[in-house]
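Shown next, in structure tokens, is the structure this report addresses.
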Amino acid sequence: MKKLPRSFYLRPTLTVAKELLGKHIVTKASGHSMIGRIVEVEAYLGGKDPASHAYRGKTRRNEVMFLEGGHLYVYFTYGMHYCANVVTEEEGIGHAVLLRAVEPVEGVEAMTRNRNAGNRGKNPVGITNGPAKLCQAMGIGRSENGTDLAGDKIFITEGIDIPRSLIRSSPRIGVSKGVRHPWRFYINNNAWVSR
DNA sequence: TAGTTGATCGTCT
DNA sequence: GACGATCAACTAA
């Protein structure tokens with residue numbers, strides 16, 4: 001399937017966020033190729049957005065957010081979790097889209113194995129229906145921070161078309177600031193959306 | 001089923 | 001020194 005061009009990411013963040021729904025993210029870890037269909041995202045608009053890591057400008061932690069659109073920003077939080085974002089817009093802007101949930105398309109066994117390492121594994125939906133879960137399942141961690149999605153390690157391809165009528169929005173989850181903004185987008189009635 | 005809490009540590013104040 | 005763009009286990013009802 002066709003890899004998304006750089007130009008896809010260099011557009012307004014809210015547009016990119018909505019259009020990422022239905023796309024396929026491809027990763028390779030320990031020889032296994034894994035593909036997940038993006039079904040839930042959240043937009044973080046940098047300096048305009050108190051909930052964004054980039055709100056107060058560039059720091060060592062968030063510097064990847066200020067790269068050109070099409071890079072992967074992975075951050076570590078709560079002492080044990082990684083979350084992945086797709087950087088958008090031009091270099092120096094600091095906007096990104098958080099991947100909150102994916103639906104496994106290929107490599108389900110590998111993802112399940114990644115998730116079960118050390119813990120449980122009962123309901124299949126629980127394997128990638130959260131930002132930290134999908135990172136663990138798809139092998140995304142600190143060393144993937146800053147990865148260029150135009151490369152071959154991790155990239156996003158055309159997936160399936162999602163009719164506008166199936167796209168829903170709501171306030172973002174887990175944030176204490178900027179709650180009024182309905183910048184979480186997800187596919188209606190998709191079983192893999194979180195919660 | 002809803003609400004609470006422990007785990008665990010890098011980052012910024 | 002406080003606090004997360006979280007998760008899963010636990011408790012109460």
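For the numbers below, each heavy atom of this structure counts, side chains included, while hydrogens, waters and symmetry mates do not. Because the structure is predicted, anything quoted here is derived from the model rather than measured.
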Any chance the side chains of Glu89(A) and Thr13(A) put a donor and an acceptor closer than 3.5 Å? yes
Distance, P atom - from dT5(B) to dC3(C), rounded to whole angstrom: 16 Å
Taking 4.0 Å as the cut-off, does a side-chain nitrogen or oxygen of His81(A) come that near to OP1 or OP2 on dC7(C)? no
[X] side chain vs [Y] backbone, donor-acceptor pair below 3.5 Å:
X	Y	result
Lys23(A)	Glu19(A)	yes
Asp49(A)	Ala51(A)	yes
Arg195(A)	Asn129(A)	no
Thr157(A)	Met1(A)	no

Base, sugar-phosphate alone, or nothing: which one does Ala132(A) contact when heavy atoms must sit under 4.0 Å apart? sugar-phosphate
If you take any heavy atom closer than 4.0 Å to DNA chain C, which residues from residues 89-103 of chain A end up in contact? Leu98(A), Arg100(A)
So if I take residues 175-195 of chain A and measure heavy-atom distances to DNA chain C, which residues fall below 4.0 Å? Val175(A)
Without decimals, in angstroms, what is the distance between [X] [atom1] and [N] [atom2]?
X	N	atom1	atom2	result
Ile173(A)	dG4(C)	CD1	C1'	16 Å
Leu45(A)	dA5(C)	CG	C1'	13 Å
Lys133(A)	dC7(C)	NZ	C1'	7 Å
Tyr82(A)	dT6(C)	OH	C1'	14 Å
Arg115(A)	dT6(C)	CZ	P	14 Å

Arg11(A) atom CZ, over 12 foreign heavy atoms within 6.0 Å: yes
Start with the C-alpha distance between Glu144(A) and Lys153(A), add both sets of side-chain angles, then the distance that settles salt bridge (Lys or Arg N to Asp or Glu O under 4.0 Å), and finish with yes or no. CA-CA 9 Å; Glu144(A) 279 67 39; Lys153(A) 176 152 175 53; 3.7 Å; yes
List, one per line, each side-chain donor-acceptor pair under 3.5 Å for residues 63-80 of chain A, sequence neighbours excluded.
unit_1: His71(A); atom_1: ND1; unit_2: Glu68(A); atom_2: O; d: 2.8
unit_1: Tyr73(A); atom_1: OH; unit_2: His53(A); atom_2: ND1; d: 3.0

For the pair Lys58(A) and Asn62(A), evaluate side-chain hydrogen bond (donor to acceptor under 3.5 Å, both in side chains) and give the outcome as yes or no after the intermediate values. CA-CA 6 Å; Lys58(A) 181 158 41 169; Asn62(A) 67 24; over 6 Å; no
Contiguous Watson-Crick or G-U pair runs (3 or more, under 3.5 Å) in DNA chain B: B:1-7 with C:6-12, B:9-12 with C:1-4
Applying salt bridge (Lys or Arg N to Asp or Glu O under 4.0 Å), name anything that partners Asp161(A), two or more places apart in sequence or on another chain. none
Heavy-atom closest pair (Ala17(A) atom, Val41(A) atom, distance to 0.1 Å) is O-CG2, 3.4 Å
Quick one: what's the B/S/- string for nucleotides 8-13 of chain B, heavy-atom cutoff under 4.0 Å, read 5' to 3'? BBSSSS
